[in-house]
A.B. asks: 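For reference, the structure I am asking about is given below.
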Protein chains: 2
Amino acid sequence: MESSNTEQNILQAAEREFLDKGFAGAKTTSIAAAAGVTHTMLHYYFRTKENLFNKVYEQKVALLAHSVSGFMLDSKLSLRLRIQRGIEAHFDFLSANPDLPRFVINEIISNPQRLQNFRETIAMATGAFLQHFQEDLDEAADRGEIRRICALNLLLDAVSLNVFLFIMFPIAEAVTLPVYGTREALLAARRTENVQVILYRLLPNLP
Amino acid sequence: MESSNTEQNILQAAEREFLDKGFAGAKTTSIAAAAGVTHTMLHYYFRTKENLFNKVYEQKVALLAHSVSGFMLDSKLSLRLRIQRGIEAHFDFLSANPDLPRFVINEIISNPQRLQNFRETIAMATGAFLQHFQEDLDEAADRGEIRRICALNLLLDAVSLNVFLFIMFPIAEAVTLPVYGTREALLAARRTENVQVILYRLLPNLP
DNA sequence: AATCTATTTAACAATATTGTTTAACCACAC
DNA sequence: GTGTGGTTAAACAATATTGTTAAATAGATT
């Protein structure tokens with residue numbers, strides 16, 4: 001018996017289907033077919049489509065939340081280097097999970113109730129991080145290492161630069177393919193550029 | 001008789017519904033109800049759901065394509081000022097059409113065929129713009145007014161910063177509300193910040 | 001051997017959704 | 001007045017989709 005195997009197959013097929021087509025666009029029959037199991041088995045394991053979706057969704061929300069923690073490398077490196085590494089880690093995470101942000105936001109849009117459930121959680125988690133991050137920024141600014149800046153703005157800048165590419169990938173690829181040629185070249189170029197943008201943003205005015 | 005009025009009512013209701021829920025999530029009955037007309041009328045005017053969707057979609061793709069042209073202000077202003085105005089115009093356009101990018105990309109993801117139809121169109125239109133823009137950038141760099149930069153990178157930087165906020169608005173709002181308080185304050189802050197990021201990116205190294 | 005679980009096949013029920021048809025109504029134009 | 005086109009209402013057909021059920025099989029567990 002490959003019990004957990006079948007369950008995993010269904011979950012993986014469901015993940016692919018939900019990510020591509022959203023909740024409404026995904027069909028349980030199509031998921032079952034993609035998973036190589038019968039329609040009956042899908043309901044046997046998950047009873048309802050909603051149930052199956054929630055399993056996938058919770059897992060993905062947790063992943064997305066985790067992705068922000070990539071910014072919090074509290075090493076002994078310089079602040080600038082820490083920020084650089086944080087952005088690169090975030091970018092690499094998105095490379096491995098390219099349609100995660102679109103999936104999560106789409107479900108929130110079509111079902112706003114979902115956001116309410118963890119609205120406060122978000123505010124608290126990021127609030128704590130931002131407060132600490134702001135202190136680091138201010139201290140570095142006091143030492144003249146960086147330009148003075150609002151931590152929230154810096155965070156949004158970095159996340160915007162990184163996430164946009166993956167959310168709009170097909171369009172971005174269509175626009176950039178004549179220049180970069182390959183997908184890999186595009187990713188490499190943007191990974192570098194995003195870091196540069198933030199570093200220039202932080203570069204202090206020379207005296 | 002309010003013939004054109006009914007048709008417009010349907011189109012507007014369809015737009016709202018398609019933008020919120022996507023093609024699969026939108027229901028013709030729900031659209032008809034929202035438009036205040038009968039189920040029959042919707043089919044009388046548009047025959048099929050697909051038909052109605054295409055009307056909305058084509059209109060939105062045209063809008064999105066048009067939005068890039070906001071960057072091309074060929075005035076006699078300095079390059080830096082032209083870029084600043086272009087970004088602001090783009091941001092304001094997105095403020096007025098906040099879910100346009102998500103709508104267009106979602107449909108492309110769930111129906112990749114759509115992209116093929118205007119893949120070359122995109123490449124050509126942006127290609128022409130980028131070539132001209134790159135010349136302007138190079139000349140300004142020669143004069144020492146800005147840092148030398150790839151036009152495509154600059155375009156992606158600006159568009160990323162602007163578009164991300166609107167695509168992820170509910171999440172961004174949840175994160176930033178404790179800091180900015182209101183939606184308007186958030187928008188104003190990001191509008192300014194996005195321009196700043198690009199201007200710092202362009203700031204030449206002092207000699 | 002008896003039992004339990006995973007599995008397939010097949011048929012079925014319930015509902016939602018898209019799309020059509022018909023009959024009737026009303027206003028306006030000719 | 002007659003006809004035309006927009007409109008409603010109601011019923012209907014066709015299909016898709018979700019979900020359930022029953023019967024049979026086979027491996028593993030007891």
Side-chain angles (χ1 to χ4, degrees), chain A residues 1-60 103 106-114, chain B residues 1-60 103 106-114:
Chain A
M1 297 289 128
E2 318 180 10
S3 76
S4 63
N5 199 358
T6 295
E7 191 170 347
Q8 283 307 308
N9 287 346
I10 296 174
L11 271 174
Q12 280 174 29
E15 184 178 315
R16 197 57 283 133
E17 181 109 354
F18 283 133
L19 260 68
D20 285 347
K21 310 189 191 173
F23 179 80
K27 308 297 165 191
T28 56
T29 52
S30 166
I31 292 172
V37 305
T38 59
H39 168 50
T40 316
M41 283 317 296
L42 187 146
H43 289 291
Y44 176 72
Y45 275 103
F46 299 96
R47 231 176 55 77
T48 66
K49 179 185 178 182
E50 187 99 23
N51 225 305
L52 178 55
F53 180 83
N54 286 338
K55 291 269 193 304
V56 174
Y57 194 71
E58 285 163 18
Q59 180 190 327
K60 293 302 172 185
F103 175 62
N106 276 337
E107 187 54 22
I108 288 175
I109 296 289
S110 67
N111 188 356
Q113 184 55 38
R114 243 176 236 285
Chain B
M1 298 287 124
E2 320 179 9
S3 76
S4 65
N5 199 359
T6 294
E7 190 170 349
Q8 283 307 309
N9 288 347
I10 296 174
L11 271 173
Q12 280 174 28
E15 184 179 314
R16 197 54 286 131
E17 181 108 355
F18 282 132
L19 259 68
D20 285 346
K21 311 189 190 171
F23 177 80
K27 307 298 165 191
T28 56
T29 52
S30 167
I31 292 172
V37 304
T38 59
H39 169 49
T40 318
M41 283 317 296
L42 189 146
H43 289 292
Y44 175 72
Y45 274 104
F46 298 95
R47 229 174 56 77
T48 67
K49 179 185 180 184
E50 188 98 23
N51 225 306
L52 178 55
F53 179 83
N54 286 338
K55 290 269 193 305
V56 174
Y57 194 71
E58 286 164 18
Q59 180 191 328
K60 293 302 173 186
F103 174 62
N106 276 337
E107 186 55 23
I108 287 176
I109 296 290
S110 67
N111 187 355
Q113 184 56 39
R114 243 176 237 285

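Naming: A, B, ... by sequence-line order, numbering from 1 per chain. Everything quoted here is computed from the prediction, not taken from an experiment.
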A.B. asks: Step by step, would you call L19(A) with R16(A) a side chain to side chain contact (heavy atoms under 4.5 Å, CB included)?
C.D. replies: CA-CA 5 Å; L19(A) 260 68; R16(A) 197 57 283 133; 4.0 Å; yes
A.B. asks: What distance do I10(A) atom CD1 and N5(A) atom CG have between them, rounded to the nearest 0.5 Å?
C.D. replies: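 It comes to 10.5 Å.
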A.B. asks: If I take atom CG in residue N5(A) and atom P in nucleotide dG27(D), what distance separates them, rounded to the nearest angstrom?
C.D. replies: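 After rounding, the gap between these two atoms is 17 Å.
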A.B. asks: Check whether any side-chain N or O of Y45(B) sits under 4.0 Å from OP1 or OP2 of dT7(D), and answer yes or no.
C.D. replies: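 Indeed, a polar side-chain atom of Y45(B) lies that close.
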A.B. asks: May I ask you to say what T40(B) touches in the nucleic acid, namely base, sugar-phosphate or nothing, with a heavy-atom cut-off under 4.0 Å?
C.D. replies: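 Base: the residue T40(B), judged by heavy atoms under 4.0 Å, touches a nucleobase.
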A.B. asks: Rounded to the nearest angstrom, tell me the gap between atom CD in Q8(B) and atom P in dG6(D).
C.D. replies: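 One finds 15 Å between P of dG6(D) and CD of Q8(B), rounded.
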A.B. asks: Grab the CG-C1' distance between L52(A) and dG19(D) for me, whole Å please.
C.D. replies: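 One finds 14 Å between C1' of dG19(D) and CG of L52(A), rounded.
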A.B. asks: How long is the line joining CG of L42(B) and P of dT7(D), in whole Å?
C.D. replies: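 Roughly 12 Å, once rounded to whole Å.
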A.B. asks: For DNA chain D, which residues of residues 15-39 of chain A approach it to below 4.0 angstrom with any heavy atom?
C.D. replies: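 Contacting residues: A26(A), K27(A), T28(A), T29(A), H39(A).
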A.B. asks: Under the side chain to side chain contact (heavy atoms under 4.5 Å, CB included) rule, what do F46(B) and T28(B) come out as? Steps first, then yes or no, please.
C.D. replies: CA-CA 11 Å; F46(B) 298 95; T28(B) 56; over 6 Å; no
A.B. asks: Closest approach to the side chain of H43(A), judged atom by atom: which nucleotide of dT8(D), dT20(D), dG5(D) is it?
C.D. replies: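 Of the options given, the side chain of H43(A) lies nearest dT20(D).
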A.B. asks: Check the angle between the aromatic planes of F18(B) and F23(B) and answer parallel, tilted or perpendicular using the 30° and 60° thresholds.
C.D. replies: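 The arrangement is parallel - the two ring planes meet at less than 30°.
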A.B. asks: In this structure, how many angstroms lie between the P atom of dT8(D) and the CG atom of N9(B), rounded?
C.D. replies: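 After rounding, the reported distance stands at 10 Å.
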A.B. asks: Which residue, K60(B), K21(B), K55(B), forms the salt bridge (charged side-chain N to carboxylate O under 4.0 Å, His left out) with E15(B)?
C.D. replies: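 Among K60(B), K21(B), K55(B), the one that satisfies the salt bridge (charged side-chain N to carboxylate O under 4.0 Å, His left out) with E15(B) is K60(B).
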A.B. asks: Rounded to whole Å, how long is the line connecting atom CZ of F53(A) with atom P of dT18(D)?
C.D. replies: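 Computing the F53(A):CZ to dT18(D):P distance gives 13 Å.
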A.B. asks: Atom CD of E7(B) to atom P of dT7(D): distance rounded to whole Å?
C.D. replies: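 For the pair E7(B) CD and dT7(D) P, the rounded distance is 9 Å.
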A.B. asks: Do any side-chain nitrogens or oxygens of Y44(B) fall under 4.0 Å of OP1 or OP2 in dT7(D)?
C.D. replies: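 The answer is no; no side-chain N or O of Y44(B) sits under 4.0 Å from OP1 or OP2.
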A.B. asks: Taking 4.0 Å as the cut-off, does a side-chain nitrogen or oxygen of R47(A) come that near to OP1 or OP2 on dT20(D)?
C.D. replies: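 For R47(A), the contact criterion (side-chain N or O under 4.0 Å from OP1 or OP2 of dT20(D)) is met.
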A.B. asks: Could you go through R114(A) and N54(A), starting from their C-alpha distance and side-chain angles, then the distance that decides it, and tell me whether this counts as side chain to side chain contact (heavy atoms under 4.5 Å, CB included)?
C.D. replies: CA-CA 11 Å; R114(A) 243 176 236 285; N54(A) 286 338; 3.2 Å; yes
A.B. asks: As a test of reading the structure: which of dT7(C), dG19(C), dG6(D) is closest to the side chain of K49(B), going by heavy atoms?
C.D. replies: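 Nucleotide nearest to K49(B)'s side chain: dG19(C).
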A.B. asks: How are the rings of F53(A) and Y57(A) set relative to one another: parallel (under 30°), tilted (30 to 60°) or perpendicular (over 60°)?
C.D. replies: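 Plane angle under 30°, so parallel.
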A.B. asks: In whole Å, what is the span from the CD1 atom of I10(B) to the P atom of dG19(C)?
C.D. replies: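 Rounded to the whole Å, the gap is 14 Å.
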